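Read through the structure below, which is laid out as structure tokens, and then see the notes.
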Amino acid sequence: MKISESTAPAMQTKEDDYRHKKLRRDLVNSLREKGITDDRVLNALDTIPRHFFLDTAFERQAYEDRAFPIASGQTISQPYTVAFQTQLLQVQKFEKVLEVGTGSTYQSCVLAALGAVVLSVERQRELYDAASRFFFLKRYPAIKRFYGDGYAGLPSYAPFDKVLITAGAPFVPPMLLEQLKPGGIMVAPIGEESLQRMTRIKKGEDGSLKEEDFGTFSFVPMLEGKNNR
Ligand code: SAH
């Protein structure tokens, strides 16, 4: 059994019972202990059944604080990383957020749970199509997904209040900076190798840029172009 087949997002409704909720509460508490302080973010993670995003065989793993393989050789990010990036992004209700790297759609759902309007781009056709069949997304009509190259962003929907890159980018993609509103925030893991520096860029009302560094993380690479397999 190939991982890529076994971990495609489920097409059918799954259960979220008291055991899942308990595992999830424990996970959220562990994230708080690891330094996630934003209660809105922690609550969002508490409302989203992460096991829905993995194959039924991996329910327990869904509530461990680690990344997990999904289709197309990609990963669902570690819960700590999702919480950390989301916290840095300071999402407010009704803000328009561009996400690069839809993957499993877990991060998109976290953003939508915070009340954001999410526009998410994925370059892997297989992942884009799998998400189209994923029952849980019906709960979040504020998520719009696009098959495309995140380096280009979504010019026709710009500008964005927030931009979140969930793959390791070798450099800050200039077109995404352009599509960020004055007063907006971009969060992106930046680095050419397997490790990246978590970077937050704030664009001032005058267009000036201020960069902050939040330490080392490891993401799958942000690749150029689309993959139509
Ligand atoms: N946010 C996802 C994380 C998935 S891992 C989640 O919550 O599951 C990163 C994703 O970025 C992968 O799905 C990968 O295919 C995608 N990606 C990499 N380069 C990209 C690009 N240039 N444009 C859009 N998506 C890209």
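If you're wondering where the values come from, they're calculated on a predicted model, not measured in any experiment. Read the numbers this way: they start at 1 and go in the same order the structure lists the ligands and their atoms.
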Per-atom contacts, ligand 1 versus Leu127 - under 4.0 Å to a heavy atom
13 (O)

Proximal atoms of ligand 1 relative to Tyr106 (non-hydrogen, under 4.0 Å):
7 (O)

State whether Lys22 and Asp26 are salt-bridged, where the test is any N-O pair (Lys NZ or Arg NE/NH1/NH2 against Asp/Glu carboxylate O) under 4.0 Å.
yes

Which option out of Gly101, Gly150, Pro221 puts a heavy atom nearest to atom 18 (C) of ligand 1?
Pro221

Are Pro189 and Thr166 packed together at the side-chain level, in the sense that at least one heavy-atom pair is separated by less than 4.5 angstrom?
no

Could you walk me through whether Cys109 and Phe136 pass side chain to side chain contact (heavy atoms under 4.5 Å, CB included), step by step?
CA-CA 9 Å; Cys109 290; Phe136 186 66; 4.0 Å; yes

So the atoms of ligand 1 within less than 4.0 Å of a heavy atom of Met222 turn out to be 18 (C), 19 (N), 22 (N)

To atom 8 (O) of ligand 1, the nearest of Ala67, Ser104, Ala169, Gly225 on a heavy-atom basis is Ser104

For Glu224, is the nearest heavy atom under 4.0 Å from an atom of ligand 1?
no

Beyond-backbone contact of Phe52 with Tyr106, side-chain heavy atoms, under 4.5 angstrom:
no

min-distance protein heavy atom vs atom 12 (C) of ligand 1 -> Gln74 OE1, 3.3 Å

Atoms of ligand 1 close to Gln107 [distance to a heavy atom under 4.0 angstrom, numbered from 1]
1 (N), 7 (O)

Got the closest protein heavy atom to atom 9 (C) of ligand 1, with its distance?
Thr166 O, 3.3 Å

For Val82 and ligand 1, answer yes if some heavy atom of the residue is under 4.0 Å from a ligand atom, otherwise no.
no

Give me the residue, atom name and distance of the protein heavy atom closest to atom 26 (C) of ligand 1.
Arg123 CG, 3.6 Å

Can you measure from OG (Ser104) to CZ (Phe68) and round to the nearest 0.5 angstrom?
12.0 Å

Which residue and atom name correspond to the protein heavy atom nearest atom 13 (O) of ligand 1, and how close is it?
Glu122 OE1, 2.7 Å

Going by the atom numbers of ligand 1, which of them fall below 4.0 Å from some non-hydrogen atom of Ser77?
3 (C)

Could you identify the single nearest non-hydrogen protein atom to atom 5 (S) of ligand 1 and state the distance to 0.1 Å?
Thr75 O, 3.1 Å

Lys202 vs Glu212, test: side chain to side chain contact (heavy atoms under 4.5 Å, CB included). Steps then yes/no.
CA-CA 8 Å; Lys202 289 185 172 166; Glu212 298 164 279; 3.9 Å; yes

Taking atom CD1 of Ile201 and atom CD1 of Ile165, what is their separation to the nearest 0.5 Å?
8.0 Å

Side chains of Thr102 and Gln124: closer than 4.5 Å at any heavy-atom pair?
no

Atom indices of ligand 1 within 4.0 angstrom of Val220 heavy atoms, with elements
5 (S), 9 (C)

Number the atoms of ligand 1 from 1 as they appear, then name those within less than 4.0 Å of a heavy atom of Ala167, with their elements.
11 (O), 18 (C)

Where ligand 1 meets Gln124 - atom numbers and elements under 4.0 angstrom, heavy-atom basis
15 (O)

Nearest protein heavy atom to atom 19 (N) of ligand 1, by residue and atom, and its distance?
Leu223 N, 3.0 Å

For the side chain to side chain donor-acceptor pair (under 3.5 Å) test, which of Gln107, Arg145, Lys144, Glu99 pairs with Ser120?
Glu99

Using the test side-chain contact (heavy atoms from CB on, under 4.5 Å), find all partners of Leu223 that sit at least two apart in sequence or belong to another chain.
Arg123, Pro221

Supply the atom-to-atom distance Asn43 CG to Ile48 CD1, rounded to the nearest 0.5 angstrom.
11.0 Å

